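Data block below; observations after.
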Amino acid sequence: MNFRKPKGTKDILPKDIHKWHYVESVIREVTALFNFSEVRTPTFEYTELFNRGVGSETDIVGKEMYTFLDKSGDSITLRPEGTAPVMRAFLENSMLSDSPLHKLYYFTNMFRYERPQAGRYREHTQFGGEILGSDSFYTDVELILLAKEVYNRCGISNFKVKINSIGKPDERSAYIAKLKDYLKDNLNDLSEDSKRRFETNALRILDSKNPGDRSITDSAPKILDHLGAESKARFDKVINELTKLSVNIEVDFRLVRGLDYYTDTTFEFVSEDLGSQDALGGGGRYDGLIAQLGGKSCPGVGFGSGIERILIVAEKNGFTFGEAAKPLVYFISLNDAARDKAFELIAQLRRKNIPCETDLLNRSFKAQMRDANKLGVKYVYILGEDEIKKGIGQLKNMSDSSQTEVEFNKLAESLA
RNA sequence: GUGAGCGUAGUUCAGUUGGUUAGAACAUCAGAUUGUGGCUCUGAGGGUCGGGGGUUCGAAUCCCCUCGCUCACCCCA
């Protein structure tokens, strides 16, 4: 065993691929129901896009990006997240001049250099949605409903939506000042990580998992009490609407999220069936991002959701993802002439969309039967010396073992 | 980047206080008299015991180093 896959990557093998197909088809179905259009952007972008769009102080940009110089010396980065590339495409293609509102989704792989653990990979897959052009609170709600519908159709109902508002930038910086003022007195009792965060990003101290940090922040000032009237009213509308629609929400003052571009609403879908990385997906508003990337001011909201994590939770729930595709008929040939005829008949059936298989290893009758049984085909069509002579094959039903003679040219209709 | 746990056939695991050719189950393949699957029975193939070094007459077993995997921190999907 000389070659190994790179750390944090995975092979998706044939026995599991139907699960991926299933989830992907659910996503295509649900996004169509919500009238979202797919956008596909390059696997890599110029590094500067993420520095500017995601924020150079974030962990994603600061230490998790796959960045390299290409042969011309340009700095290239494998996309670590979905929103910045979509915004870039949105601006570069002047989409706003086609229409004042865009509802976009993506389904693609992401790359982050991290230590792998349960539900966390260096290459993972996300689907995400973005609504651009409207600051209506209904857009926040619509995205949450979109994700919820996808989860539900994948057999996942045991999750909750943590939700919070981090307000407008000026409200947030005023709040951070108050928070730091409160934490100043407890600075020595905070964890090392949080002491560092106190300088770099004090808001992040709120979502520390350290029990000591949490007991200190339990009684810290809450951002929801420091929002302006407009932000507060907006947040209340989102909460009311979600409650009215029976979404299982939980207001969580600790939910600040790690990306710099968020404003107002932030949310996260969490499941107890995941390990320590308990988020199925997350997102929020980013009303300032487009302007920050050089466009004219345009409101936006988006979320991303991990496909691998959907799969983990769905499987823990015993969800079956439908059935793996399998052939309807297995052709068994007992000599070379039969084999030749089988190939001809198979070609005809496949043209009529009937999935067929046959033995390609020149195996014995018994071995071919075993193979057919293992594949789980419904029928076996047996061709031997007599059958070739008469133009009639033996069609055997594998579930009840009944067997009837079917002429070569009647085979397609008896399988229909 | 930090910490902990674990590495024996394809898979899940046994392997006695260090002692001969390292085992089982499942999986794979092949047989069980004429051209018929599942169940059963029989047999076969498959292992640098993660790798390297050391201790010893002798190491899967003890020691050191190293690599890999897993989980957790960090962070996030």
Side-chain angles (χ1 to χ4, degrees), chain A residues 1-8 10 13 15 54 57-65 79-83 106-128 147 151 191-194 196-197 201 204 207-211 213 255-259 268-271 274-283 302-313 330 332-335 338 361 363-388 393-403:
Chain A
M1 191 61 79
N2 277 319
F3 290 103
R4 268 191 265 261
K5 61 187 180 304
K7 186 195 281 288
K10 64 190 171 305
L13 300 176
K15 69 181 176 59
V54 183
E57 316 83 64
T58 62
D59 277 33
I60 289 182
V61 173
K63 54 185 203 189
E64 295 176 359
M65 295 205 300
R79 80 177 140 238
E81 63 99 50
T83 299
Y106 57 82
F107 181 101
T108 192
N109 47 356
M110 306 288 175
F111 307 87
R112 293 180 198 170
Y113 185 84
E114 305 180 88
R115 286 285 285 268
Q117 91 189 50
R120 193 172 75 182
Y121 303 90
R122 287 185 173 180
E123 180 185 17
H124 74 281
T125 310
Q126 281 186 34
F127 88 96
Y151 299 150
S191 66
E192 289 307 310
D193 282 324
S194 287
R196 183 169 40 75
R197 293 185 193 111
N201 192 346
R204 306 302 316 279
D207 70 4
S208 169
K209 287 181 191 168
N210 182 289
D213 291 354
L255 185 70
V256 296
R257 314 253 327 140
L259 286 67
E268 204 163 88
F269 302 88
V270 298
S271 168
L274 289 166
S276 178
Q277 310 303 315
D278 64 355
L280 272 167
F303 79 98
S305 186
I307 308 300
E308 289 82 359
R309 293 189 185 174
I310 291 176
L311 256 32
I312 290 169
V313 177
Y330 188 102
I332 289 182
S333 315
L334 304 183
N335 58 39
L361 292 173
R363 284 182 277 199
S364 69
F365 192 175
K366 188 188 281 283
Q368 291 184 60
M369 282 300 290
R370 268 202 282 260
D371 195 31
N373 186 60
K374 201 165 80 177
L375 286 174
V377 296
K378 192 166 177 194
Y379 299 105
V380 135
Y381 194 60
I382 303 163
L383 299 175
E385 202 174 335
D386 293 351
E387 286 78 7
I388 297 302
Q394 308 288 335
L395 185 66
K396 176 166 183 168
N397 181 319
M398 293 296 275
S399 46
D400 63 13
S401 295
S402 63
Q403 191 165 311

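Given the structure is predicted, the values throughout are model-derived calculations rather than measurements. Proteins get letters first, then strands, A, B, ... in listed order; numbering begins at 1 in each.
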Tell whether A:Arg120 reaches the base of B:rC71 with its side chain through a donor-acceptor pair below 3.5 angstrom.
no
Assess whether one donor atom and one acceptor atom, taken from the side chain of A:Arg115 and the base of B:rC75, lie less than 3.5 Å apart.
no
Mind calculating the distance between CG (A:Asn373) and C1' (B:rC39) to the nearest angstrom?
11 Å
Can you measure A:Leu375 atom CG to B:rG38 atom P for me and round it to whole angstrom units?
14 Å
Closest nucleotide among B:rC75, B:rA77, B:rU36 to the A:Gln403 side chain:
B:rU36
Whether A:Arg204 contacts B:rC76 is assessed here as follows: a side-chain N or O lying under 4.0 Å from the phosphate OP1 or OP2. Is that the case?
yes
Name the nucleic acid region contacted by A:Ala372, choosing base, sugar-phosphate or nothing; use a 4.0 angstrom heavy-atom cut-off, strictly under.
nothing
Classify A:Tyr121 by what it touches in the nucleic acid, base, sugar-phosphate, or nothing, heavy-atom distance under 4.0 Å.
base
5′-ward residue of the pair A:Ile307/A:Ala367 relative to RNA chain B:
A:Ala367
Separation of A:Tyr381 atom OH from B:rG35 atom P, in whole Å?
20 Å
Using the C1' atom as the reference point in each nucleotide, state the distance between B:rG15 and B:rA77 in Å, no decimals.
42 Å
Quote, to the nearest angstrom, the P distance that separates B:rU61 from B:rA4.
23 Å
Any side-chain heavy atom of A:Leu280 sitting closer than 4.5 Å to one from A:Val313?
yes
Checking base pairs now: Watson-Crick or wobble, both atom distances under 3.5 Å. What partners B:rC69?
B:rG5
Closest nucleotide among B:rG35, B:rC76, B:rC74 to the A:Arg112 side chain
B:rC76
For nucleotides B:rC49 and B:rA22, find the distance between their P atoms and express it as a whole number of Å.
10 Å
Looking only at atom P, what distance separates B:rG45 and B:rA24, rounded to whole Å?
12 Å
Between B:rG3 and B:rC63 - C1' atom distance, rounded Å:
23 Å
Which heavy-atom pair separates A:Gln117 from A:Ser276 by the least distance, and what is that distance?
NE2-CB, 4.0 Å
Using the P atom in both, what is the distance from B:rG7 to B:rG46, to the nearest Å?
26 Å
Can you measure A:Glu81 atom CD to B:rC76 atom P for me and round it to whole angstrom units?
11 Å
For A:Asp386, report the nucleic acid contact type (base, sugar-phosphate, nothing); a contact means any heavy atom under 4.0 Å.
base
Could you state the CD-C1' distance from A:Gln117 to B:rC69, rounded to the nearest angstrom?
14 Å
Using only heavy-atom distances, decide whether a donor-acceptor pair under 3.5 angstrom links the side-chain of A:Gln277 to the base of B:rC75.
yes
Do A:Lys7 and A:Glu114 have side-chain heavy atoms sitting under 4.5 Å apart?
no
Return the value, rounded to whole Å, for the distance between atom CD1 of A:Ile332 and atom P of B:rU36.
11 Å
For B:rA77, take OP1 and OP2 only and decide whether either is under 4.0 Å from a side-chain N or O of A:Arg79.
no
Euclidean distance for C1', B:rC62 against B:rC75 (whole angstrom):
40 Å
Quiz item: A:Gln368 side-chain donor-acceptor pair to B:rG35 base, under 3.5 Å:
no
Take atom C1' in B:rG50 and the same atom in B:rA9, then report the distance between them in whole Å.
14 Å
Answer for the Watson-Crick or wobble partner of B:rC29, both distances under 3.5 Å, is B:rG43
Tell me what A:Gly128 touches on the nucleic acid: a base, only sugar-phosphate, or nothing, going by heavy atoms under 4.0 Å.
nothing
Between atom NZ in A:Lys7 and atom C1' in B:rC67, what is the gap in whole Å?
10 Å
Would you mind telling me which of A:Phe269, A:Phe127, A:Phe107 makes a side chain to side chain contact (heavy atoms under 4.5 Å, CB included) with A:Ser305?
A:Phe127
On RNA chain B, compare the nucleotides closest to A:Leu280 and A:Gly8; which residue's is nearer the 5' end?
A:Gly8
Using salt bridge (Lys or Arg N to Asp or Glu O under 4.0 Å), reason through A:Lys374 and A:Asp371 one step at a time and then give a plain yes or no.
CA-CA 5 Å; A:Lys374 201 165 80 177; A:Asp371 195 31; 5.1 Å; no
Grab the CD-P distance between A:Glu387 and B:rG35 for me, whole Å please.
12 Å
Side chains of A:Thr108 and A:Arg79, heavy atoms from C-beta outward: is any pair under 4.5 Å?
yes
Nearest-nucleotide pick for A:Ser276, side chain only, options being B:rC73, B:rA77, B:rC74:
B:rC73
Any chance CD of A:Gln403 has more than 12 other-residue heavy atoms, nucleotides or ligands included, within less than 6.0 Å?
yes
Quick one: look up who B:rU12 pairs with, Watson-Crick or G-U, both distances under 3.5 Å, and put none if it's unpaired.
B:rA24
With heavy atoms under 4.0 Å as the rule, sort A:Lys209 into base, sugar-phosphate or nothing.
base
Paired nucleotide for B:rC75 [Watson-Crick or G-U wobble; both distances under 3.5 Å]:
none
Where the side chain of A:Lys374 is concerned, which of B:rC74, B:rA30, B:rU28 is the nearest nucleotide?
B:rU28
Side chain of A:Gln394 only, please: which of B:rU36, B:rA77, B:rC75 is the nearest?
B:rU36
By the 4.0 Å heavy-atom rule, please label A:Arg197 as base, sugar-phosphate, or nothing.
sugar-phosphate
Would you say the base of B:rU36 and the side-chain of A:Lys396 have a donor-acceptor pair closer than 3.5 Å?
yes
Residue pair A:Arg197 / A:Ser208: nearest heavy atoms and the distance that separates them:
NH1-CB, 3.8 Å
